[in-house]
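Accompanying notes for the structure given below.
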Amino acid sequence: MIDSLFPFAATTGPITVRVSVSYLPEQSHPALGRWFWAYHVRIENHGEAAVQLLTRHWRITDGRDQVSEVEGEGVVGEQPLIAPGGSFDYVSGCPLPTPEGEMVGTYVMEMTDGSQMLAAIPAFPLVVPATAS
């Protein structure tokens with residue numbers, strides 16, 4: 001069931017990152033060269049200790065192979081602490097100047113012993129769905 005809700009997933013050590021993506025036509029303006037997607041991320045902690053998400057790094061590629069790098073603290077204004085067996089969900093968005101592209105990235109996670117690890121965010125496509133004319 002979870003795989004159908006979140007078709008893109010990557011596991012690094014005890015952390016699984018799952019992503020689903022939706023094109024938002026109501027926030028897109030193709031005539032102005034703007035397409036917009038929302039993506040829902042679920043971060044699961046399958047380990048035996050809590051982990052905290054410290055930073056994120058995204059690599060966003062548009063349909064012209066132009067790459068944008070986005071880095072920052074936390075996600076959606078939070079640096080969530082994820083309990084063992086727990087998860088954290090958030091939704092964000094991405095505009096592009098083309099009707100297709102891709103996102104991929106990493107989170108820096110801190111373990112309770114102070115060590116850090118990079119958790120992979122799976123690559124996922126940003127594609128405008130075909131419509132009947």
Once rounded to the nearest 0.5 Å, what's the spacing between atom [atom1] of [X] and atom [atom2] of [Y]?
X	Y	atom1	atom2	answer
H46	I15	NE2	CD1	8.0 Å
S20	F8	OG	CZ	9.0 Å
I82	E44	CD1	CD	9.5 Å
E100	T61	CD	OG1	11.5 Å
I121	M103	CD1	CE	7.5 Å

Close side-chain approach of [X] to [Y], heavy-atom, < 4.5 Å:
X	Y	result
L53	F88	no
P95	Q27	no
N45	M109	no
V108	L118	yes

Heavy-atom pair of closest approach, residues [X] and [Y]:
X	Y	answer
G47	P84	O-CB, 3.4 Å
P80	V75	CD-CG2, 4.3 Å
P122	V19	CG-CG2, 3.9 Å
V91	A38	CG1-CB, 4.4 Å
W58	Y107	CZ2-OH, 4.1 Å
S28	P30	C-CD, 3.7 Å

inquiry  = I need the full list of side-chain hydrogen bond (donor to acceptor under 3.5 Å, both in side chains) pairs touching residues 71-83, with sequence neighbours left out, sorted by first then second residue.
reply    =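 Non-adjacent pairs meeting side-chain hydrogen bond (donor to acceptor under 3.5 Å, both in side chains): zero.
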message = Among residues at least two apart in sequence or on other chains, which ones pass salt bridge (Lys or Arg N to Asp or Glu O under 4.0 Å) with E102?
response =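 Here no residue qualifies.
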query = Who pairs with D113 by salt bridge (Lys or Arg N to Asp or Glu O under 4.0 Å), at least two apart in sequence or on another chain?
reply = none
inquiry  = Quick test of your reading: applying salt bridge (Lys or Arg N to Asp or Glu O under 4.0 Å), list the pairs with at least one residue in residues 51-62, sequence neighbours left out, ordered by first then second residue.
reply    =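 Counting only pairs at least two positions apart or across chains, the salt bridge (Lys or Arg N to Asp or Glu O under 4.0 Å) contacts touching residues 51-62 are R59-E69.
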task = Considering only Ile, Leu, Val, Met, Phe, Trp and Tyr, and joining two whenever side-chain heavy atoms are under 4.5 Å apart, list the other residues clustered with L32.
result =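 Direct or chained contacts put L32 with none.
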query = Who else is in V127's hydrophobic cluster (ILVMFWY, side-chain heavy atoms under 4.5 Å, direct or via others)?
reply = none
inquiry  = Working note: F6 + D89, criterion side-chain contact (heavy atoms from CB on, under 4.5 Å); need CA distance, chi angles, decisive distance, verdict.
reply    = CA-CA 12 Å; F6 295 93; D89 286 70; 4.0 Å; yes
query = Y39 vs Y90 aromatic rings, parallel, tilted or perpendicular, using cut-offs 30° and 60°?
reply = perpendicular
Would a hydrophobic clustering, with Ile, Leu, Val, Met, Phe, Trp and Tyr connected at side-chain separations under 4.5 Å, put [X] with [Y]?
X	Y	result
V76	V70	yes
I60	V41	yes
V104	F124	no

request  = With side-chain contact (heavy atoms from CB on, under 4.5 Å) as the test, would you mind laying out the steps for R42 and T16 before giving the verdict?
outcome  = CA-CA 8 Å; R42 169 170 287 173; T16 297; over 6 Å; no
query = Does T12 reach the main-chain N or O of A120 with its side chain, forming a donor-acceptor pair under 3.5 Å?
reply = yes
inquiry  = Using the rule given for side-chain contact (heavy atoms from CB on, under 4.5 Å), can you reason through W37 versus L96, listing the C-alpha separation, both sets of side-chain angles and the distance that settles it, and then say yes or no?
reply    = CA-CA 8 Å; W37 290 263; L96 284 182; 3.7 Å; yes
Full working for side-chain contact (heavy atoms from CB on, under 4.5 Å) between V51 and M117 = CA-CA 10 Å; V51 296; M117 65 171 281; 5.9 Å; no
